[in-house]
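Note sheet for the following structure.
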Amino acid sequence: MEVPSEVLKIADDIKSMKIRGAGNIARAAAEALKTAAELYRGPADRRVFTEYIEKISSLILSTRPTAVSLPNAVLYVTSALENVGGGFEEARSTVIEVASKFIKETLEAYVKISEFGAKRLKDNSVVLTHCHSTAVVNVIVKAFKLNKVSKVYSTETRPVFQGRITVRELSKHGVPVVQIPDSAVRYVMHEVDHALVGADAVACNGALINKIGTSQIALSAKEARVNFYVVAETYKFSPETIIGELIPIEHRPPEELYPLEVLNEFKKTKFLNPVFDVTPPEYIDALITEIGVIPPQLASYVLFEKYGWALNKIKIRRMGKILVEDVD
Ligand code: RUB
């Protein structure tokens, strides 16, 4: 059974970062599985349909390696498929329903997160953020409406400039925002009350994996005794880290640093473009999630609560490969 062009387009858009940010990536993954099930034209045979969904899952998982929300979205849908009884029709409707439920729940999480996050900020706060996180934008906009934010510093976020999206979105809501180069973070930190960043993944020890440069901001915030908060929905917590897996850090091509014609002039120079980094839990004051504001030390508790059912049967799905199955 061929992969529908609509699904191939979603995979391409994630790979090329047209769809980006961990939340959007996860919803796009669920949307791809839902669309694939809706467009399935193969035999009405559960086994054939399941193989087809596995193929789609592998394709989606191969797009970007770091945002744990992606394998978690796929796990959410495929485990429901594994658990449902019945034949082909039940299997197909389960994929469609569960994928839609995932999308709905992740959007609902923003409501809780922005409520909890806004409560946490003090009145008239100066906030600093990095990259573009939909979850962070939601918190800031909510807090701004409650008169709790007076100014936001937003980093440009080189090399892809996601900070420009943040500036555009915050400005649309009337939030006073100042764009700064990434290297100006420490220069403005003395003015900042709270640093707020999103998450691509949260490990079981509470470490954060987020846009490259996040750990430098955390370091600078700690030095200046500024609160460093991570806004992270719980579907960004990584169950694989409980069984000792490390979260892979994506490296992207040097063309993101220089245009190809310029790169050709640097024949002997090597380029490194890691796009995420790790912030240790000691630098994080709290994780703002849809289930509450928790210390990073509680991450493993959340993981056992949320993914405990999957741990004896966890499939490590990275870059489209199932590396481990049925772990005892
Ligand atoms: C985006 C990034 C964001 C998180 C959280 O990186 O690091 O901070 O994904 O975003 P990229 P959200 O642009 O490389 O995808 O809150 O939107 O899930």
Side-chain angles (χ1 to χ4, degrees), residues 8-29 32 59-71 128-137 153-171 177-187 195-201 207-220 230-232 236 238 246-279 318-321:
L8 289 173
K9 180 168 180 344
I10 296 176
D12 273 354
D13 286 352
I14 298 175
K15 214 178 240 173
S16 66
M17 290 177 66
K18 219 179 260 170
I19 297 173
R20 47 145 301 282
N24 290 330
I25 291 172
R27 280 183 290 278
L59 168 74
I60 295 297
L61 290 166
S62 68
T63 52
R64 288 192 79 188
T66 303
V68 162
S69 54
L70 194 157
L128 181 139
T129 190
H130 184 48
C131 194
H132 167 259
S133 152
T134 308
V136 169
V137 167
Y153 282 113
S154 157
T155 60
E156 287 179 309
T157 319
R158 282 170 184 268
V160 179
F161 296 105
Q162 292 93 330
R164 293 176 182 168
I165 309 173
T166 304
V167 164
R168 217 175 299 129
E169 288 188 0
L170 291 177
S171 304
V177 53
V178 181
Q179 182 103 89
I180 54 169
D182 302 352
S183 44
V185 162
R186 191 163 176 266
Y187 182 83
L196 237 59
V197 297
D200 273 82
L208 163 71
I209 291 79
N210 193 50
K211 181 53 56 192
I212 191 80
T214 300
S215 64
Q216 287 177 183
I217 296 175
L219 202 61
S220 172
V230 177
V231 188
K236 294 173 181 170
S238 166
L246 295 175
I247 294 163
I249 299 291
E250 178 181 7
H251 285 240
R252 293 186 68 88
E255 286 86 335
E256 286 186 354
L257 303 175
Y258 283 108
L260 205 54
E261 58 277 18
V262 181
L263 275 180
N264 287 336
E265 291 169 24
F266 290 101
K267 289 261 183 304
K268 289 192 176 147
T269 309
K270 288 189 176 146
F271 293 90
L272 190 68
N273 186 18
V275 296
F276 299 101
D277 67 16
V278 182
T279 302
R318 293 282 173 216
M319 299 306 287
K321 290 194 199 97

Of all the heavy-atom pairs spanning [X] and [Y], show the shortest one and how long it is.
X: Leu70; Y: Ile60; value: CD2-O, 3.7 Å
X: Asn264; Y: Lys267; value: O-NZ, 2.9 Å
X: Ile19; Y: Asn24; value: CG2-O, 3.8 Å
X: Ile249; Y: Phe276; value: CG2-O, 3.3 Å
X: Ala199; Y: Lys236; value: O-CD, 3.2 Å
X: Ala22; Y: Ser69; value: O-OG, 2.8 Å

Distance from [X] atom [atom1] to [Y] atom [atom2], nearest 0.5 Å?
X: Leu59; Y: Ile10; atom1: CG; atom2: CD1; value: 10.0 Å
X: Leu196; Y: Ser154; atom1: CG; atom2: OG; value: 12.0 Å
X: Glu256; Y: Arg158; atom1: CD; atom2: CZ; value: 13.0 Å
X: Lys9; Y: Ile14; atom1: NZ; atom2: CD1; value: 11.0 Å
X: Asp200; Y: Ser238; atom1: CG; atom2: OG; value: 12.0 Å
X: Ile180; Y: Glu156; atom1: CD1; atom2: CD; value: 9.0 Å

Using a 4.5 Å cut-off on heavy atoms from C-beta on, say whether the side chain of [Y] contacts that of [X].
X: Val275; Y: Arg64; answer: yes
X: Pro254; Y: Asn273; answer: no
X: Thr157; Y: Lys211; answer: yes
X: Thr279; Y: Ile217; answer: no
X: Thr134; Y: Val137; answer: no
X: Val197; Y: Ser133; answer: no

Please check: side-chain N/O of [X] versus main-chain N/O of [Y], any donor-acceptor pairing under 3.5 Å?
X: His130; Y: Gly198; value: no
X: Thr63; Y: Ala11; value: no
X: Gln179; Y: Tyr153; value: no

Is it the case that over 12 heavy atoms from other parts of the model lie below 6.0 angstrom from the OH atom of Tyr187? no
Begin from the C-alpha positions of Ser215 and Asp277 and carry the test side-chain hydrogen bond (donor to acceptor under 3.5 Å, both in side chains) through to its verdict. CA-CA 7 Å; Ser215 64; Asp277 67 16; 2.9 Å; yes
All N/O donor-acceptor pairs, side-chain side in residues 161-170, below 3.5 Å, sequence neighbours left out:
from	atom 1	to	atom 2	distance (Å)
Thr166	OG1	Cys131	O	2.6
Glu169	OE1	His132	NE2	2.9
Glu169	OE2	His132	NE2	3.3

